[in-house]
Each structure stands twice: as structure tokens, then as C-alpha cells.
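This is a predicted model, so every value here is computed, not measured. Numbers restart at 1 for each chain; the letters A, B, ... are given by sequence-line order, proteins then strands.
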Amino acid sequence: MELSKNFEHKASEEKWYGYWNEKKYFHSTPDGREPYTVVIPPPNVTGVLHMGHCLNNTIQDILVRRARMMGKNACWVPGTDHASIATEAKVVQMLREKGIQKASLSRDEFLGYAWEWKEKYGGIILQQLKKLGCSLDWGRTSFTMDEDYYKSVIKVFIDLHEKGIIYRGLRMVNWDPVGKTALSDEEVIFKEIDSKLYYVKYPLADDGSKFMTVATTRPETILGDVAICVHPADERYKAWIGKEVIVPIINRRIPIIADEYVDAEFGTGALKITPAHDKNDNELGRKHNLKALNTLDEEGRFTSVDLTDENPSELVLSYNKVDRFELRKKIVDDIAQLNQIEKIEDYKGQVGTSERTGAVIESRLSLQWFMNMKEFLNRNPETLRSVMNDEIKFHPEKTKNTYSHWLTNIKDWCISRQLWWGQQIPAWYDAEGNYVVAATHDEAVKQYKAKYGQQPPNNGQLSQDEDCLDTWFSSWLWPMEVFKGISNPGNKDVEYYYPTSTLVTGQDIIFFWVARMIMAGYEYKQELPFKDVYFTGMVRDKLGRKMSKQLGNSPDLLELIDKYGADAVRFGIMFSSPAGNDLMWDEGSNDQGRNFNNKIWNALKLVKMWEGKQVTGSTLQVTGNKQPETENFAVLWFENRLNEVKAEVEQQFKEFRLSEALKTIYSLIWDDFCSWYLEWVKPGFEQPIDAAVYEKTVDFFEELMQMLHPFTPFITEEIYHELRVRKEGDDITIKTMKTSKSFDEKILKRGAQLKQDITAGRDVRANQQLKKSEKIDTLFIKTEDKDQYNLTSTILLQQTGSLEIHFTEDPVPNTFVGPSGSTMFYVAIKTNSTEKESSEGLIKQKKRLQEELDYLKGFLSSVEKKLGNERFVQNAKQEVIDIERKKKADAEAKIRAIEESLASL
RNA sequence: GGGAGCAUAGCUCAGUUGGUUCAGAGCAUCUGCCUUACAAGCAGAGGGUCCGCGGUUCGAGCCCGUGUGCUCCCACCA
């Protein structure tokens, strides 16, 4: 069948992905082979594929496909994360658009909508991964809220509670007033914002004419002030300590206290203490036995509930339900009315925002569930040790620092969220707030009886905690639970596939996810969860900006795949992807991918043209000890070259230098195979090709496609099937790759020399503007080792378009000269056109030779200087000196040859 | 405030233990070519004070110090 002009990616992608799937090539079951396991970092169930996913999953697919082709039992597990806060926010939004308020729904009703949403949109991102060609084991698709998974999360919670690692407590937490939930420290992102520093005057209680001025960025919290704090050594305020001042508007008398925490240099050196709305204030408050007066509700609006004892004024009551930012303005205005604002300065401050909703975080006192991470880490010291001693290898290595820093400064993890979408906390309460932790109500009642010695009041009913668990409290079990390692410990799958091999993920979730998976691995499997972690950088646009929906600089991946083909997109992103660094992505890289595909496709077309034109009777011998025939040098050389590059690529894979591996293969195919090898074996126009050479060429092509296949799976499978008629089940996806064999340096050197010689010949041709039909009469080669040309002279003649080749030891007068490696080239041209152009050509060539000569002389003098330096000769290694001597001799020989040529011109 | 990383051609980046002609690759640019696989191509060419300064060394893109400029992480000085 006639091949299309270019590679047609659409048909090919559809055909092969369906075929691979049908053949279950990506499905893995435990067997005698060595496993290679990768678990996908589960994307948000409602997410869509973006460039970050593209990079991340392409890398995983490359690793998995390569492992599969190396004969390992490769298993790549797909799945999604329920992403509690993100998904819940989306569902709430969707309901709002329908005119339904979350507050008007029961928990079950809400979850009904959420599951409906999940069923509808949950599979999209997985379908998109198929488009990208990802060889995931779809039979193992997991979801962090699957029934078993859910139970496992609960089981772990109960277990850690029993071990005393999980506790409930009233603590300052990061509160998201938009999501109306607590967040862990990791979910808070600090941003620098322009704000104001307000200097507020607090009158002294004893003497209303005197004021204490306090600088604050948050005047809206003033009504919650319970003290003013100064540094004990601050001379300005020593006399004030122990006295009282009056809080503006609310007119509360509060003490002036002293604590070394205060920085006398900042603002006025006096700090107002609001224990209900600031973490540090809260600590100070506890230390000095101060009350915490809450003045903001869960939505960040003013509330006077804690102020009722003080008979709040009309003004204070008028603040009720006013949003915190509006409140700030109002209070500042009202204090200004009282003449108690001294001044307002511009100020740049850090403000915490919610990772998911973007809302400014409030510190809020709240009863939440926590995990004592220090204690947990003490139980599992391997968590840090295994990474630091490279048992778990981080790539790039610098990420180890980040990891160790976080672990050594680890804080308690707030794991409860005031959300419904997620695993509901298995704690059960009576009306008084006494609680037990258990998986079911029945179990809870039993425990209650044991703990409190009686039936739960209220007819034996306990009510379950309304909150659910942080998403990461489920995803940290991912590498185990996708193999049911928690819900069904010791099963065949988990024993075979765990620990997994490589984790590929972003540096941004090293704490959220990677660290916690390692801890969980040691706690529940007494083993590391993976052996290598490959951290990808961030995908940025070519201006270096993060890709984001807001900026509109994030391309639609499916459109790209449609336009360029999945192979080209994969190629593009890998080609511009330095390991572990951020990558500047530009749509142009897809062009390069497409061009490369086109190049390979055309090579296929060329080879296919020879298919029917083979003649047998070949003397081809490329293996064994016999001296190969001259005309088969091309085959001999490429075989060696292939093995050389294979070894290189194997090393690059070992070091996870995937981008470089791709570049190496790219150059092997484009330069060595297409530009050199195929030209060397290409028969003349309408001429037949040696059948054995043809077979070897197809073999090479096949091996090249195997090397490339992990990067661009579709075109390589397509070409594999075009090259030969295949038996059922003979597909590149599952074909085992041959590893590198030894190669002969001598052959490679001759190949390199041959390339140089051909280039030198072309150079002369180009300079003398020879037409393709015009032949070089004689090629003179001045060399001391003419034997090295035994194998290559035929190719040399053909490739330079020469009629004859002569070896000489002397310069050849009246010829054109082209230095090539360690030899000299003299070209005698006898054509109609040369005579009229030769004088011009000679001048040109004289100039070039002169330039070459100047360079060589400069080079020689630098080498001579080096060798003339006694200290160099004394100190340098012998081999370095020998190299310098050889450089000197070579340069001298060349200079002599060029001078002779110049003289003869 | 603490820590980490980066700086090499117009752009994106390689450059391993300090020593081969080491100053590289791809893209972009320029010059020739529609040569019977490929113009999405072929054959060539130009382009760099290896961020500045100082040091170690026979020898530094590479090691040390220092300055500058970027990036990231950690840390709620109100």
C-alpha cells in the first residue's frame, strides 16, 4: 500500500491505543518477572488535563514503557483524588447556579449531588490521558473515595487515634472564611500585599489626657483587644506597665503588660493583644492569662457574642454581620471621629491566603482534629534517614534539603475540614460533647459503654462528627491502598508491587504528599513506598510566567494533540524539559516534534522503496572476525554506532536525564541514520539494493524505533508494522529491547574520519560551485595511514562525487585543498566550468587556507608555551603531557601541509 | 529574617574528576539549493569578556572568596 506523504497522527493514535487496550498490554498481574510499579499522582477528580499533567504523565509513561520493553512487569496505576475542598467548592458553585443553597440541603442530599457531579465529570481527565498515549493499567483505576479506600482511611484514623497520635483540641487554626473550613499550614499561601499601618491612641484609664499609641495593620480586631504589651526593658514604657488603657469604641479597660516577645523597634513598640484573632497573641494571651474575645464569625463578619457582658453600645451592635474588610474601614472612620488615629502609614505585609479559595486566612480559635507529627516521626525515624542516605533517591538532589528542613521543623497537622465531601471523621458524641472514636455507630456505642460505664444518654444515640478529613489524609495511603494494602493487608498484589519503583510528581507537593506517603509507608508497611522520586519543575510560558487560567497562557492540551499529534506534543515537552527545573514551554516545540515525525516517516518511505528491489548474492558480513567487505562499511559502522549510543542512553535513563536521552536518540536517528547511514547504503537511481544490506537496514530501523518508542509511542508502533509483516502479537509496545553490546572504537573512528572527509569534499565542491552532475576528477589524500581507507574509499568516492582516489605523501600542486581531520585533501577537478571560475575559486581558497593557517599557528604557539613551561611539565600528568605533544606534532604537520599547498597555488 | 538554587550564543539549555581542537547542542538568523525519502527538507555560514572582581593552581566555564541580578522554599515582627 502506498504510504501517505506525512505521518497521519489522528488515525494512528486512535487505531493503536484501541489495539493496545484490546490486547491488554497495559494490564499487569503478578508473575515471576521483576515488577516496575508507578502510581499516578491522582489528579483532582473534576480536573482537566493541563500542561503540568502533560509533562508529568509523559515522563511516567516514558519510564513505564521503557521498563516494559526491558522485560519488566510494568504496572502503572491510574486514578483520581476526591480533592475535598476543591470539589466541594465546585459542587457548591454548581448548586448556586441552580439556585440551591448548600445550607438548605442535608448532608445526604448534598453528597447525592456531589456523587452525581463526580460520575459526570470524574472520568474526563482519565480519558484525556488516553489521548496522550499513557500506558496505564485501566483495570486498576482507583479513587480515594472508593468503598474500600474510604474504609482504609477510617481504619488508619482510628488506629492513629488509638496510638495517641491523633487528638482533638481547641487550637488556633488557619480559617478560610470563604470555604468556611480549617486548613493545614501547608494549604496557606503567603502573599505580599500593600496595606496600611494604623497608629491608634489608647487613652490612659487614670488620666484621659495621656495616650498609649499602638500600631496595627488590623484595626478591625480592636474590639477584641484584651491587653497592650510592651518590652520590659523599653524605657519609654517602663512607667506604664501595670496601668490600664481604654480600648476605643468599646471602652474596655485593659492592662499594659510586658513581654520580651515584643519588638521595641517596630511601630511604637507597643503591641495590642487580640488572642482570638492572632496566633502569637493567642500564645501571649495564654501565658498572661488573658481572655480570648472572638469578634469575627466563621464567615469573617463581625459578631458581638463574646461582648454581651459589656453591654455593647448601639455603634458596636451596628457592626454586626459587617464583613471584616468593610469593618476595618468603618472602625478606622469611627476612631478617627474620636480623634484617636494618630497617623496612617503605607505598609507592605505578608498575608496568608487559602490555596484553594484564595480567601485571606483568619487565625481562629477552633476545636479541630490534629495529628502529632513529631511523635509520629519519632515512631518512624526512617522517614528522614532513608531519604538522606539515598535509599529513596530524590531527583534532583537539592530537594533533599527542602524535605529535611520541613521534617526537622514539623508542626502538628490539622486534619479536620468543615466539609462534607470526603471521609467523615469517625468520632461519635453524646449531647455533652463526650466522644469515642469508632468505625460504626454500633461499635461506638460499645466503646462508649466501656469508656463511660453507661449507655449513651438520648436513647443510646450518638451523633457522628460532622466534619471530614483533609484530602491528603487519604492520598498519603495511595501507593499502598491502590493495591488494597490497608484494606486487605498482605494480599498478593501489594506484596508484589509494593514498594513501588518511581514516583513522578511536582516539587510543590513534597510536603503535602511525598513526605506523608513516606511516613505512612513506614508506619503501615515498615517499608519505603518508592525507590526514586523524580520531581518535575513547573511549566511556564516562554515569558517565564506560570501557566494559569487567569493569564490565559495555558494552552488547551487536547487542541494541541489534535493539531500536532500526541507524539509531537510529547516530544515537544520532553525536548525542552531540563530535569527537575522549570521549563519554558513554547508552542514551537511541537513543530520540532512534528518535523521529527515527518523525518522518520520519510526515512520509512525511502526504505520501503527498496523493499521490492533487493538482489541476493550479497557478501555482507558485519559480524564475526572476517574482514568485512568494503561496500559494507556503512552497515558495520552503524551497528557499532548504534551500540555506542545505546549505552549512552542507558546511562542517561539510569540518571533520569530523560530530556538528554531524547536528544541523543534524536541525533542518532536524524544525523547518523538519515543523514549518513541511509545516504551511504542508498543505491543509485533505479538500482537494486543488496538484500542483506536491506535486511540490516530494516533491523536498524526497528531498533531505533524501539529506542524512541517510550517517547513517541504511536508513530513508532506504526512504523514497526510498516517495516515488516508482523505475526499476531508482535508489537513494539511489548517487544523486548536488546541492550547495548560492545562496540569497536576503531570502526567508530573511521566512521568519524569518513564523515570529515566527505564534508571536506563537499566543501570544495561548494566552493567551486560544482553542479551535482559534475564529477571530481581525482581525490588525493595525503596521509601516513592509507590502510584506514580500505573500508571507506568506495563510500568516499560516491559521496563526494569523485571518479578516482589516490594516496600521496606529498602535496599535490594545482589542486583545491580541504583539510580534514589529520589528513589533507587535494581535489583535482576537470570540468568545463572550472576553467573560467578557477581563478576566482583559487583566490577564495587561498584566503580560507590562510585563515586556517593563522588559527593553527596561534594554536601551536599556545601549545608550545604550555610545553615550554617547566612547571607544567613537572606537575601535569604524563598522559596530559603526551596529549599536548601530539597536539603539537599534529598542528606542525598540518601547518607544513597548508604552507606547501599555499606555495603550490 | 533564615535557607536553597541559578547566571554560558538572540532564545532554551548541555558542559561528568580542573587538562584531548573546550567554548558546545537545538531553535532562531543569514547564504546557496524545489538534488528521484523529506522545503515540516538539504548543504553551509555567522554569532559568546562562560555575570563583575579577587584568589588557589603549571593550568579555571568547572574549585574558593566576594559583589550584582534573578528564581524558589521556609518563617505570620504587630
Side-chain angles (χ1 to χ4, degrees), chain A residues 3 5-7 174 185 188 190 197-198 214-218 221 229 261-263 265-274 278-281 347 349-352 361 363 396 398-399 401-402 405-406 409 507-508 510-511 537-538 542 544 568 575-578 581-586 588-589 591-610 651 655 657 659-660 663 666-667 674-675 678-679 682 684-686 759 762-763 765-767 769 771-773 855-856 859 863 866 869-877 879-884 886-887 890-891:
Chain A
L3 284 174
K5 184 171 186 303
N6 294 325
F7 173 58
N174 307 298
D185 293 344
V188 178
F190 284 90
L197 196 54
Y198 302 87
V214 175
T216 179
T217 53
R218 304 201 52 202
T221 64
C229 192
Y261 166 79
V262 177
D263 175 6
E265 304 294 314
F266 189 89
T268 62
L271 168 69
K272 71 187 201 62
I273 310 285
T274 323
D278 185 281
K279 224 179 240 176
N280 295 313
D281 286 12
Y347 182 73
Q350 296 278 323
V351 161
I361 295 299
S363 283
K398 62 177 181 190
T399 47
N401 290 331
T402 318
H405 183 262
W406 186 74
N409 295 290
Q507 289 179 31
D508 50 334
I510 182 164
F511 312 133
M538 202 171 314
K542 60 179 165 185
F575 207 74
S576 50
S577 167
N581 290 330
D582 286 359
L583 79 98
M584 311 288 172
W585 186 86
D586 173 22
S589 65
D591 283 321
Q592 221 184 325
R594 190 188 48 184
N595 295 355
F596 183 44
N597 283 344
N598 186 43
K599 183 74 187 178
I600 308 170
W601 192 252
N602 277 293
L604 171 72
K605 272 158 64 179
L606 176 67
V607 173
K608 291 279 276 186
M609 276 171 54
W610 302 337
Q651 188 56 33
E655 294 166 11
R657 298 163 68 142
S659 182
E660 279 171 64
K663 283 174 187 174
Y666 173 83
S667 167
C674 293
S675 297
L678 286 180
E679 293 300 330
K682 189 194 250 180
F685 188 53
E686 300 280 286
T759 302
R762 280 178 186 161
D763 209 31
R765 292 188 68 101
N767 271 293
Q769 297 181 314
K771 296 224 163 55
K772 205 182 179 232
S773 54
Y855 171 78
L856 280 169
F859 174 69
V863 174
K866 218 186 233 183
N869 183 337
E870 263 179 52
R871 289 198 284 180
F872 171 71
V873 181
Q874 273 167 20
N875 294 321
K877 279 182 283 183
E879 50 197 276
V880 175
I881 295 170
D882 290 344
I883 285 163
E884 291 301 319
K886 183 166 188 312
K887 281 203 283 196
D890 285 353

Taking atom [atom1] in both [N] and [M], compute the distance separating them and give it to the nearest angstrom.
N     : M     : atom1 : result
B:G54 : B:G59 : P     : 16 Å
B:C30 : B:U36 : P     : 25 Å
B:A25 : B:G69 : P     : 33 Å
B:C58 : B:C51 : C1'   : 28 Å
B:G26 : B:A45 : P     : 12 Å
B:G19 : B:G5  : C1'   : 28 Å
B:C62 : B:C77 : C1'   : 42 Å
B:C50 : B:G41 : C1'   : 34 Å

[N]: pairing nucleotide in any strand, Watson-Crick or G-U under 3.5 angstrom:
N     : result
B:C70 : B:G5
B:G41 : B:C33
B:C63 : B:G55

Assign [X] to base, sugar-phosphate, or nothing according to its heavy-atom contacts below 4.0 angstrom with the strands shown.
X        : value
A:Phe511 : sugar-phosphate
A:Glu870 : nothing
A:Met538 : nothing
A:Gln651 : nothing
A:Cys674 : base
A:Ser667 : nothing
A:Phe596 : nothing
A:Asn875 : base
A:Tyr347 : sugar-phosphate
A:Val188 : nothing
A:Ser576 : nothing
A:Lys886 : nothing
A:Gln874 : nothing
A:Asp591 : nothing

Quiz item: Of A:Asp763 and A:Thr216, whose nearest nucleotide on RNA chain B comes first from the 5' end?
Solution: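 Final value for this comparison: A:Asp763.
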
Among [options], the nucleotide that comes nearest once only the side chain of [X] is considered:
X        : options             : result
A:Asn602 : B:A40, B:A37, B:C77 : B:A37
A:Phe266 : B:A37, B:C77, B:A14 : B:C77
A:Ala876 : B:C58, B:A75, B:A78 : B:C58
A:Thr402 : B:C73, B:C77, B:C74 : B:C73
A:Ser675 : B:G41, B:A37, B:A43 : B:A43
A:Lys599 : B:A40, B:C42, B:G19 : B:C42
A:Phe872 : B:C73, B:C58, B:C13 : B:C58
A:Tyr666 : B:A14, B:A78, B:C27 : B:C27
A:Arg762 : B:A43, B:A40, B:C77 : B:A43
A:Arg871 : B:A37, B:A78, B:C58 : B:C58

Quiz prompt | Nearest-0.5 Å distance that lies between atom OG1 in A:Thr216 and atom CG in A:Asp278 | solution =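 Rounded to the nearest 0.5 Å, the OG1-CG separation comes to 9.0 Å.
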
Quiz prompt | Atom pair OH (A:Tyr261) and CG (A:Asn280), whose distance is rounded to the nearest 0.5 Å | solution =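 A:Tyr261 atom OH to A:Asn280 atom CG measures 3.0 Å (nearest 0.5 Å).
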
Quiz item: Testing A:Asn597, A:Asp591, A:Asn598 for side-chain hydrogen bond (donor to acceptor under 3.5 Å, both in side chains) with A:Arg594, which one passes?
Solution: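 For A:Arg594, the side-chain hydrogen bond (donor to acceptor under 3.5 Å, both in side chains) test succeeds with only one of A:Asn597, A:Asp591, A:Asn598, which is A:Asp591.
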
Exercise. Applying side chain to side chain contact (heavy atoms under 4.5 Å, CB included), run through A:Phe575 and A:Tyr666 and close with a yes or a no.
Key: CA-CA 10 Å; A:Phe575 207 74; A:Tyr666 173 83; 4.0 Å; yes

Quiz item: For A:Asn602 and A:Lys605, what are the C-alpha separation, side-chain angles and deciding distance, and is it a side-chain hydrogen bond (donor to acceptor under 3.5 Å, both in side chains)?
Solution: CA-CA 5 Å; A:Asn602 277 293; A:Lys605 272 158 64 179; 3.2 Å; yes

Side-chain N or O of [X] versus OP1/OP2 of [N]: is the shortest distance under 4.0 Å?
X        : N     : answer
A:Asn595 : B:G41 : yes
A:Lys682 : B:A37 : yes
A:Arg657 : B:G15 : yes

Exercise. Look at atom CD of A:Gln874 and say whether more than 12 heavy atoms of other residues, nucleotides or ligands are closer to it than 6.0 Å.
Key: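 Counting neighbours around CD of A:Gln874, more than 12 heavy atoms of other residues, nucleotides or ligands fall under 6.0 Å, so yes.
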
Quiz item: Hey, is A:Lys682 close enough to A:Glu679 for a salt bridge, meaning N to O under 4.0 Å?
Solution: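 Here A:Lys682 pairs with A:Glu679 in a salt bridge, since their nearest N and O are under 4.0 Å apart.
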
Quiz item: Do A:Phe872 and A:Val880 pass the side chain to side chain contact (heavy atoms under 4.5 Å, CB included) test, and can you show the C-alpha distance, the side-chain angles, and the key distance before you say yes or no?
Solution: CA-CA 10 Å; A:Phe872 171 71; A:Val880 175; 4.1 Å; yes

